[in-house]
Number of protein chains: 2
Amino acid sequence: MKQLEFHKERLRTFGLRPTKQRLDICRILFDRKNTFHFTIEKLKKIIEKNNKKKISLATLYNTIHVLKKKGYLKEISLKGNKTFFDTNTKKHHHFYDEGMSQLIDIDDKNISLNYLPKIPNGKKIKSIEVLVKIEKTN
Amino acid sequence: MKQLEFHKERLRTFGLRPTKQRLDICRILFDRKNTFHFTIEKLKKIIEKNNKKKISLATLYNTIHVLKKKGYLKEISLKGNKTFFDTNTKKHHHFYDEGMSQLIDIDDKNISLNYLPKIPNGKKIKSIEVLVKIEKTN
DNA sequence: TACGTAATTTATAATTATTCTAAAATAGAG
DNA sequence: CTCTATTTTAGAATAATTATAAATTACGTA
Ligand SMILES: [Mn+2]
Ligand SMILES: [Mn+2]
Ligand SMILES: [Zn+2]
Ligand SMILES: [Zn+2]
């Protein structure tokens, strides 16, 4: 479990105390091989099931927002009421199955797009996101 | 003003009475040359300024949802709390200036993307949306 | 280790977007 | 013009998120 020390150190690095709650959140988010796409509500359920103890919504919102601001999480552009977050902070894209509310990463190098349109004056590109919506065949 | 007759006819076509409120909405949305990107709140302000009289939020939500269901409006995939709608129902993409909450259309033929990734099994593509986020230079 | 204090968590209230409800107003057929 | 189904409306209900402020906790210092 040297992951834990890593999370502690990372939290301390930007002036945050490594509390039990923050470490619980970091473990769920980052101790995994693949990208994790989640909503706050989903994260809450997972954490509470894991350690059989409630965690406050406010703590979840606070911590997720800090991690996002520090660049360890991305928010995903989707329509709908609840916000989705993404542990993959690299430039990438998504398949999205609206029916199942499921997101799948598409590596940036698997997408090539050649756009001609002139960027509005005085503006520059900040990011490009491709969303491929999918649905059941037939 | 033969536009008005057109809106009336279109509303009647799918069994909706062409009420004063619905026609006000249609005029704002469709009697213009360019795409209109809007939120419900923005539409409400415009209509109320135009005819110096309040219109109910419920009526706006109801009518916008009907128009969307019938294919005369699209909802745009954006993060953030409020929902954006689009009078351009053709396949197209967007520049988005987050700071100004402003959307600009990009014609589909100005985007070419060649994606390799295999579509998940039993799924087919429903739509592809490209969002190019822009920001002030410098 | 114990203390003191600032940071954090928490329950709960407030806010905001959206949907629901049911009473009042209206459209339009006859 | 009358009647009735449809629509509008104000306000209530719901849902996601943010704010508040009291209780708890982390941790530097003695
Ligand atoms: Mn949205
Ligand atoms: Mn969203
Ligand atoms: Zn992702
Ligand atoms: Zn558009």
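Chain naming here is simple, since letters A, B, ... match the order of the sequence lines and numbering starts at 1 in each. Side chains included, hydrogens not; waters and symmetry mates left out as well; all remaining heavy atoms used.
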Between D:dT8 (C1') and B:K20 (NZ): distance, integer Å | 11 Å
Using atom CG of A:D24 as one end and atom P of C:dT9 as the other, report the distance to the nearest whole Å.
-> 10 Å
What string of B, S and - do you get for nucleotides 15-21 of chain C, 5' to 3', if B is base contact, S is sugar-phosphate-only contact and - is no contact with any protein heavy atom under 4.0 Å?
-> --SBBB-
Would you confirm whether A:E48, through its side chain, and A:I55, through its main-chain N or O, come within 3.5 Å as a donor-acceptor pair?
-> yes
Give A:T19 one of three labels, base, sugar-phosphate or nothing, depending on what nucleic acid heavy atoms sit under 4.0 Å from its own.
-> sugar-phosphate
Contacts of type ring pair (Phe, Tyr, Trp, His ring centres under 6.0 Å), residue A:H37, not counting sequence neighbours | A:H94
Whole angstrom is fine here: how far is it from CD1 in A:I25 over to P in C:dT8?
-> 13 Å
With side chains defined as the heavy atoms from C-beta onward, is the minimum distance between B:L4 and B:D31 less than 4.5 Å?
-> no
Roughly, in whole Å, what's the span from NZ in B:K53 to P in D:dT8?
-> 11 Å
Residue A:R22, side-chain atoms from C-beta onward, closest of C:dG28, C:dT8, C:dT10 = C:dT8
Between C:dA27, C:dT10, D:dT9, which nucleotide gets closest to the side-chain atoms of B:S56?
-> D:dT9
Distance under 6.0 Å and angle within 45° of the ring axis: does A:R27 meet both against A:F30?
-> no
With distance as the sole test, does A:H92 use its side chain to make a donor-acceptor pair with the main-chain N or O of A:K90 at under 3.5 Å?
-> yes
Donor on one side chain, acceptor on other, B:H93 and B:D108, under 3.5 Å = yes
Treat each ILVMFWY residue as a node, draw an edge where side-chain heavy atoms are under 4.5 Å apart, and state whether A:F95 and A:M100 are in one component.
-> no
Within this structure, what is the CD1-to-P distance between A:I64 and D:dA16, rounded to whole angstrom?
-> 16 Å
Integer-rounded Å distance: D:dT18 P and A:L60 CG = 13 Å
Which nucleotide in the list C:dT10, C:dG28, D:dC27 gets nearest to the side chain of A:Q21?
-> C:dT10
Given atom CG of A:L16 and atom P of C:dA6, what is their separation to the nearest angstrom?
-> 18 Å
Give the rounded distance in Å between these two atoms: CD1 of A:I47 and P of C:dT9.
-> 11 Å
Please state whether the phosphate of D:dA26, meaning OP1 or OP2, lies under 4.0 angstrom from any side-chain nitrogen or oxygen of A:R12.
-> no
Which nucleotide in the set C:dT10, D:dT7, D:dC27 lies at the smallest distance from any side-chain heavy atom of A:N62?
-> C:dT10
So which one's nearest nucleotide on DNA chain C is more toward 5', B:P18 or A:G15?
-> A:G15
